[in-house]
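Structure record follows, encoded as structure tokens.
Numbering starts at 1 and runs along the sequence shown.
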Amino acid sequence: VVDLSDAPLASALVRKSAAAAMRALFRRSGPRFVAVAHVARTRVGRTLLGVVQSLAPPPFPSLVTSTFAEASSWVEARLERDELVRASRIEGARALDARAATGLVRTLVGAARAAGIDADAELSAVGISHEELASVDGYVAYRRLMTLTDALAARTGDAAFGLHTAERFVDASSFGVVGFAARSSTTLREAIDRTVRYAPLMNENTQLSVTYDDDGARVVDGPMPPLVWPSQYAELAIASFVTLGRAWTGVPFAARAAGF
């Protein structure tokens, strides 16, 4: 547990230096770390820590939280299940122990409730509490988000649940700090670039890239291999670029093509 409760805010130069130091530590430590939790009492501090971790993604489960008690409890739980986590980890991806932004869960639940579905049973079944759901900048387990997406889609009976969720319910808060960073951009290109750069802060198992040419932009979004996203989640992720881009620019542009 790294307690940074009283640490001063860092400049961009210090954040870059911290990321370099973290990468060097990760190379030296190898598999010896089971998990690391950072404590920062302010939201700004937690956001900056998230940025540092996006620049130097740790090769082990990590948490940024506001209390020492939560950090200690989380690390102790990881120590107890270390053997299970090591056995279940998929090469090249953080897999079962990865996290995704809580905002994605709230968006999916909101879409289901608008369709007349009481999502409490599904939340309980996958192990997501109301306290987790209420956290503005929190995270849930990646595997729980994927399971919940499929379960809610099945309950609604909507074959295009992911697309309709992106169209009607997604906003900046759906993607946590990454969504707010994108929303504060001055151009659509800047918003896309920020989303690509900080993508692990909204889903630690995502691989997101963008290329530009004279015809526009080509965004490729998907999970780290060999993972596979549920089709509903994949459609939500891709469609969100279009719906949020339209909402933020006021321009009703269309995607030329989409493939899965």
Side-chain angles (χ1 to χ4, degrees), residues 35 37 60-65 70-71 73-78 80-90 93-166 168-171 173-179 199-207 221-224 226-240:
F60 44 73
S62 61
L63 175 74
V64 177
T65 183
E70 181 181 1
S73 176
W74 181 85
V75 167
E76 288 170 3
R78 261 75 195 156
E80 291 174 359
R81 55 185 269 205
D82 179 40
E83 290 305 318
L84 175 61
V85 170
R86 289 175 184 271
S88 63
R89 181 171 290 130
I90 299 174
R94 295 180 67 177
L96 298 181
D97 209 49
R99 303 170 301 160
T102 306
L104 291 165
V105 177
R106 284 196 299 273
T107 299
L108 290 163
V109 168
R113 287 174 175 165
I117 302 300
D118 182 358
D120 286 350
E122 276 68 29
L123 287 170
S124 177
V126 301
I128 297 176
S129 68
H130 288 285
E131 289 74 17
E132 288 178 296
L133 198 62
S135 176
V136 176
D137 55 358
Y139 289 89
V140 298
Y142 164 86
R143 66 187 184 280
R144 292 175 179 170
L145 173 63
M146 298 298 113
T147 302
L148 180 69
T149 303
D150 269 349
L152 293 179
R155 282 287 306 279
T156 62
D158 182 0
F161 177 70
L163 289 175
H164 292 153
T165 298
R168 303 167 189 165
F169 299 97
V170 161
D171 59 20
S173 68
S174 301
F175 302 100
V177 64
V178 180
L201 294 179
M202 58 183 177
N203 183 336
E204 291 178 340
N205 270 337
T206 195
Q207 284 188 323
D221 194 6
M224 294 181 181
L227 300 177
V228 177
W229 280 348
S231 60
Q232 301 286 0
Y233 182 85
E235 291 174 4
L236 183 158
I238 292 297
S240 294

Apply side-chain contact (heavy atoms from CB on, under 4.5 Å) to residues R99 and L63 and explain how you reach the verdict. CA-CA 9 Å; R99 303 170 301 160; L63 175 74; 3.7 Å; yes
Side-chain contact, heavy-atom cut-off 4.5 Å: F161 with L108? yes
Checking R106 side chain against L133 main chain: does a donor-acceptor pair fall under 3.5 Å? yes
Is there a donor-acceptor contact under 3.5 Å from the side chain of S73 to the main chain of E70? no
Considering non-hydrogen atoms only, spot the tightest contact between A101 and Y139 and give its length. N-CD2, 3.8 Å
Quick check: closest heavy atoms across M224 and T206, and the distance to 0.1 Å? CE-O, 4.2 Å
If you look at every heavy atom in Y233 and L104, which pair is closest and at what distance? OH-CD1, 3.7 Å
Closest non-hydrogen atom pair, L163 against E235: CG-OE1, 3.6 Å
Gap between atom CD of E132 and atom CG of L123 - 0.5 Å precision: 9.5 Å
CZ/R144 to CD1/I128 distance, rounded to the nearest 0.5 angstrom? 7.0 Å
Please give me the minimum heavy-atom distance between F169 and A114, naming the atom from each residue. CZ-CB, 3.4 Å
Donor-acceptor check, side chain of Q232 to backbone of A159, threshold 3.5 angstrom: yes or no? yes
Heavy-atom pair with the smallest gap, counting every atom of A237 and W229: CB-CZ3, 4.2 Å
Please report the C-alpha distance between F175 and N203 in whole Å, then the side-chain angles of each, then the deciding distance to 0.1 Å, and finally whether the side-chain contact (heavy atoms from CB on, under 4.5 Å) criterion is met. CA-CA 9 Å; F175 302 100; N203 183 336; over 6 Å; no
Sorted by chain and residue number, the side chain to side chain contact (heavy atoms under 4.5 Å, CB included) partners of S135 (sequence neighbours excluded) come out as D137
Under a 4.0 Å threshold between the charged nitrogen and the carboxylate oxygen, would R113 count as salt-bridged to D120? yes
Please list every donor-acceptor pair under 3.5 Å in which a side-chain atom of residues 147-156 meets a protein atom from a residue at least two apart or in another chain.
unit_1, atom_1, unit_2, atom_2, d
T147, OG1, R143, O, 2.9
T149, OG1, L145, O, 2.8
R155, NH1, E122, OE1, 3.0
R155, NH1, E122, OE2, 2.9
T156, OG1, L152, O, 3.4
T156, OG1, A153, O, 2.9
T156, OG1, D158, N, 3.2

